[in-house]
Asker: 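This is the structure, below, for whatever I ask next.
In this chain, numbering begins with 1 at the start of the sequence shown.
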Amino acid sequence: MPPDRDGDSPSREGQGESGERREVIFEYVPIGSSVKVTAVDVASGLEVSVVGPSIAAPRELERVAVQKLRYMLEKKKNEGAARGKDEPGPAGGTGGGIVV
């Protein structure tokens with residue numbers, strides 16, 4: 001169930017751990033008695049999803065989604081620094097997914 005925002009936009013700006021402002025878009029998809037919240041970082045296109053009870057406060061679900069998004073952004077940044085930005089990931093790909 002989408003949150004009541006009183007006219008607010010579905011996106012918000014937040015401050016990352018390094019102090020930069022980042023715009024995040026949230027999507028809510030009800031699934032039975034749960035709701036899937038997807039948070040998308042506009043600058044990088046990285047998206048993460050969390051699932052919680054539909055009775056949970058929308059702000060709390062967004063907080064958890066943003067926390068996971070920050071974790072994944074930091075993880076992606078650290079992986080890029082560890083192997084170099086121009087080097088491909090494992091199996092020659094750019095990361096993510098399964099090579100078949």
Side-chain angles (χ1 to χ4, degrees):
M1 164 167 39
D4 296 327
R5 293 186 187 266
D6 299 326
D8 282 350
S9 162
S11 65
R12 288 218 188 108
E13 288 190 14
Q15 198 162 11
E17 290 180 14
S18 61
E20 79 277 2
R21 304 281 299 171
R22 300 190 78 96
E23 185 177 11
V24 178
I25 299 173
F26 296 97
E27 176 186 39
Y28 290 77
V29 179
I31 304 171
S33 62
S34 300
V35 63
K36 176 182 173 183
V37 180
T38 302
V40 181
D41 177 61
V42 174
S44 68
L46 182 66
E47 68 178 58
V48 298
S49 296
V50 296
V51 178
S54 59
I55 61 171
R59 300 275 185 194
E60 181 65 15
L61 292 169
E62 288 179 6
R63 184 192 66 78
V64 173
V66 166
Q67 186 176 18
K68 184 175 180 180
L69 185 59
R70 285 182 182 152
Y71 168 79
M72 293 303 294
L73 285 167
E74 189 64 28
K75 182 177 175 183
K76 186 176 176 184
K77 184 175 93 175
N78 289 340
E79 286 176 356
R83 72 173 177 251
K85 295 199 180 245
D86 295 331
E87 294 179 32
T94 58
I98 300 171
V99 179
V100 289

Asker: Can you run down the salt bridge (Lys or Arg N to Asp or Glu O under 4.0 Å) pairs that involve residues 44-54, sequence neighbours left out, and say none if there aren't any?
Answerer: none
Asker: Tell me the closest heavy-atom pair linking L61 and G52, and the distance in Å.
Answerer: CD2-CA, 3.9 Å
Asker: Take V35 and V29 through the test side chain to side chain contact (heavy atoms under 4.5 Å, CB included) and record every step on the way to the result.
Answerer: CA-CA 6 Å; V35 63; V29 179; 5.8 Å; no
Asker: Is the shortest heavy-atom distance from the side chain of V42 to the side chain of I25 under 4.5 Å?
Answerer: yes
Asker: Output yes when a side-chain donor or acceptor of K68 lies under 3.5 Å from a complementary backbone atom of V48, and no otherwise.
Answerer: no
Asker: Considering residues, nucleotides and ligands other than I31, do more than 12 of their heavy atoms fall under 6.0 Å from its CD1?
Answerer: yes
Asker: Salt bridge check: are E60 and R63 linked by an N-O gap of less than 4.0 Å?
Answerer: yes
Asker: Nearest heavy-atom pair of A65 and V37: which atoms, and what distance?
Answerer: CB-CG1, 4.3 Å
Asker: Are F26 and T38 close enough, and set up right, to give a side chain to side chain contact (heavy atoms under 4.5 Å, CB included), and what steps lead you there?
Answerer: CA-CA 6 Å; F26 296 97; T38 302; over 6 Å; no
Asker: Quick check on the hydrophobic clustering: are Y71 and V66 connected, directly or via other members, by side-chain heavy-atom contacts under 4.5 Å?
Answerer: yes
Asker: Determine yes or no for a side-chain-to-main-chain donor-acceptor pair under 3.5 angstrom, with S54 supplying the side chain and S33 the backbone.
Answerer: yes
Asker: Yes or no on side chain to side chain contact (heavy atoms under 4.5 Å, CB included) for E79 and K75, after CA distance, side-chain angles and deciding distance?
Answerer: CA-CA 6 Å; E79 286 176 356; K75 182 177 175 183; 3.4 Å; yes
Asker: L73: which residues meet the side chain to side chain contact (heavy atoms under 4.5 Å, CB included) condition with it, sequence neighbours left out?
Answerer: R22, D41, S44, L46, L69
